[in-house]
Amino acid sequence: MWLSHGCVKAAASCVGRRLSRAVAGRRKKSHAASAFMPEAAGFLGVRDHGGLQEFSISQTESFWAAVARRRLEWITPFSDVLDYDMERGKVRWFQGGQLNVSVNCLDRHAHSNPDKVALIWERDEPGSEVKVTYRELLEMTCRAGNLLRRRSVKKGDCVTIYMPPCPLAVASMLACARVGAAHNVVFAGFSAEALAERIRDARSSTVITVNESVRGGKVTPLKSTVDAAVRNCPTVRQVFVVMRTDAPVAMTPKDVAMEEEMMSEDTVCEPVTMDSEDVLFLLYTSGSTGKPKGLVHTQAGYLLYTSLTHKYVFDYNDGDVFGCVADIGWITGHSYAVYGPLANGGTSVLFESTPVYPDPGRYWEMVERLKINQFYGAPTAIRLLLKYGDEWVRKYDRSSLKTLGSVGEPINTEAWEWYHTVVGEGRCPVVDTWWQTETGGICIAPRPSEPNAEIIPGMAMRPFFGIKPTLMDAEGKPVTSDDASGALCLAKPWPGMARSIHNDHQRFIDTYFKTYPGYFFTGDGAHCSKEGYYQITGRLDDVINVSGHRIGTAEIEDVVNQCSAVAESAVIGCSHPIKGQGVYAFVVLKQDAQNDDLTSQINNTVSSKIAKYACPDHIQFVQRLPKTRSGKIMRRVLRKVVERDVGDLGDLSTLDDPAAVQEIIQGHRDLCGN
Ligand code: WTA
């Protein structure tokens, strides 16, 4: 069917301070000139990127209005550019405007360039890629949209998508947009319980999944995970099942054979007219409490922002092949494998495999075979591949590469240098892009489309158009001096920002707008050099970043505490040479607990309730946790123990029982050595 045999065609560390400075990959003059924003032509007197950046900050509304008129296809033009009240977490862009996102991503390109390749599905087995043109993707989306509509999915509904990266997953996302439903893509590595929690919170009526996923040669029965999840989800009426492999799958009365039913649907599907601020999707992410938050993104602003950043951060030009290897279950996959590239009429790679399957040359063999021009990946994968040596890279022709991107966590200088000199042969600018699920698109990054732009290894560098970062000091005041650090806030709204947390707008206000009134608080710390270049130094809250995936320590603690033998626990991030951060759990057992195989019990619980990547790398069993007299766990002490920085533990005067700290230090030495 569409998925299994390639028949798509037939059916239609915080980074250390900078070490060296490099002007990476100077662009040729003619190229740079052509890359300069055509949108800028309308801005009188703005002749270069610097001028445009200033204009985008001083006249934000004029800037975004001009860009929105030019880049998006509107059904009804907007009447109001921006309406906001940051203290109430209220941000509205392009009100009065109406459009359909799937029309912007598909119809206009299918009309002008029907045979252009929209997606290259890079399946797990190298060399078995499937290309899908704009005409085919539009047809697939229309059939899926008609099916959703026939099965009563409409505006106001939410469809949960639990699928690996594949064309039908993208068509499903766009089909939701076509009929006006929101989508909620859940990363297909999440467990049944984590999936059920997200389905319930989103109140989804419909789930779309595959029989099995195939990744790194390993087959995983996703449908049975969905079966287990929906048993506890009363809102789910129907589950659409797509066949990724030939393996038969047991169908329940709720299940619908998606591809089969799509065959009898029409290839034309009338798009619903949506308001700019209608919901496009929810995407759940971890916060510093145990409950994941469903961030809400809306139509026009999100699409515009992903389209503009995709074009200018990566210097994407017509005809380029864009290779974002992130899974569609994360925001990076949403913005830079799906919406940004498709809004721009580009060719986007959907990567189903892993960086080391069948061997550590996979990425570069794929670059050679698909002639990828922009490659966008994660530091954790770069660090892993670096260890396998340069041969795996040099074996393959990478001359197609023009820009290399990095996302998800700080990229250490060693990995940056390797990416730049070995992978990119010193020719390609490396863009370290800082952003979040909340920001919708890239906010701080070098801009290689700018002529001779300076790039410093390990630095995210400069704000994107319309973005105004502000660093806050310990008193909550904006830092005014040069060369300073602080809590990273964004001072102005931008079109791509999330608009709310699903079902909990108060949490949205409390998390992002309360700490520094009038500003959006990112939760990250940053340093700004005297040249005005930013370097992200890591999270300031209890969220850790494991292989570029966010996870709240409270979320892991909640689950560890559910193990019958566990009395309480404290989870801390620890440095990890490949993953960036690993998970370190301090666990206090109940008095009569049996000690047998507790480590695997804890690991199994975390992987079945959350996902494998959240499993602790180290579990230290302790008699008690260091607590203040008021009963609060002193996490900074645990952090220092884990980072082996116990020389100065700071003020311990409020500690209830100082002996607990010594026990923990000794236990850590026993577990991890000195
Ligand atoms: C971290 C991923 C340093 C940061 C797009 C942020 C980064 C969190 C970078 C968001 C970067 C992302 N340098 N840190 N270039 N990019 N981060 O929501 O802590 O999965 O707050 O979005 O990842 O993770 P999320």
Side-chain angles (χ1 to χ4, degrees), residues 13-16 18 185-187 189-190 282-288 292-295 297 302 305-306 309-310 313 324-337 339-340 376-383 404-413 415-416 419 430-446 455-464 467 469 487-490 496-498 501 511-512 520-527 533-553 573 579-581 611 613-614:
S13 78
C14 137
V15 183
R18 101 176 83 105
V185 183
V186 177
F187 171 58
F190 277 116
L282 311 181
L283 187 61
Y284 284 81
T285 188
S286 293
S288 43
K293 353 176 228 208
L295 287 157
H297 281 282
Y302 171 81
Y305 197 72
T306 54
T309 47
H310 172 251
V313 173
C324 167
V325 290
D327 192 282
I328 52 157
W330 309 112
I331 190 70
T332 307
H334 281 60
S335 301
Y336 299 108
Y339 287 109
Y376 194 27
T380 182
I382 303 301
R383 284 192 294 268
L404 298 170
S406 166
V407 61
E409 52 176 315
I411 178 162
N412 50 309
T413 316
W416 193 101
Y419 203 23
V430 171
V431 290
D432 175 8
T433 62
W434 174 87
W435 58 296
Q436 317 177 293
T437 306
E438 292 84 342
T439 69
I442 295 163
C443 288
I444 305 182
I455 300 181
I456 298 170
M459 288 187 94
M461 301 300 293
R462 279 175 302 181
F464 190 69
I467 297 290
L488 177 62
C489 292
L490 301 176
M497 71 192 289
I501 290 175
T511 311
Y512 304 108
F520 171 86
F521 174 44
T522 66
D524 281 320
H527 178 86
Y533 297 154
Y534 287 85
Q535 178 174 37
I536 310 302
T537 50
R539 299 287 308 187
L540 300 173
D541 53 12
D542 289 322
V543 173
I544 57 179
N545 200 322
V546 179
S547 306
H549 304 323
R550 266 162 75 164
I551 180 89
T553 53
K579 298 198 255 182
Q581 278 192 299
Y613 77 86

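Counting convention: from 1, in listed order, for ligands and their atoms alike.
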Look up atom CD1 in Ile382 and atom CD1 in Ile411, then write down how far apart they are to the nearest 0.5 Å. 6.0 Å

List, ordered by chain and residue number, the protein residues whose closest non-hydrogen atom lies under 4.0 Å from any atom of ligand 1. Ile331, Thr332, Val407, Gly408, Glu409, Pro410, Asp432, Thr433, Trp434, Trp435, Gln436, Thr437, Asp524, Ile536, Arg539, Asn545, Arg550

Would you say the side-chain atoms of Tyr284 and Thr437 include a donor-acceptor pair closer than 3.5 Å? no

Quick one about Thr433 and Tyr376 (side-chain donor to acceptor, distance below 3.5 Å, no hydrogens or angles considered), yes or no? yes

Kindly say whether the aromatic ring centers of Tyr305 and Trp435 come within a distance under 6.0 Å. no

Mutual orientation of the aromatic rings belonging to His334 and Tyr339 [parallel < 30°, tilted 30-60°, perpendicular > 60°]: tilted

Who are the salt bridge (Lys or Arg N to Asp or Glu O under 4.0 Å) partners of Asp542, not counting sequence neighbours? Arg639

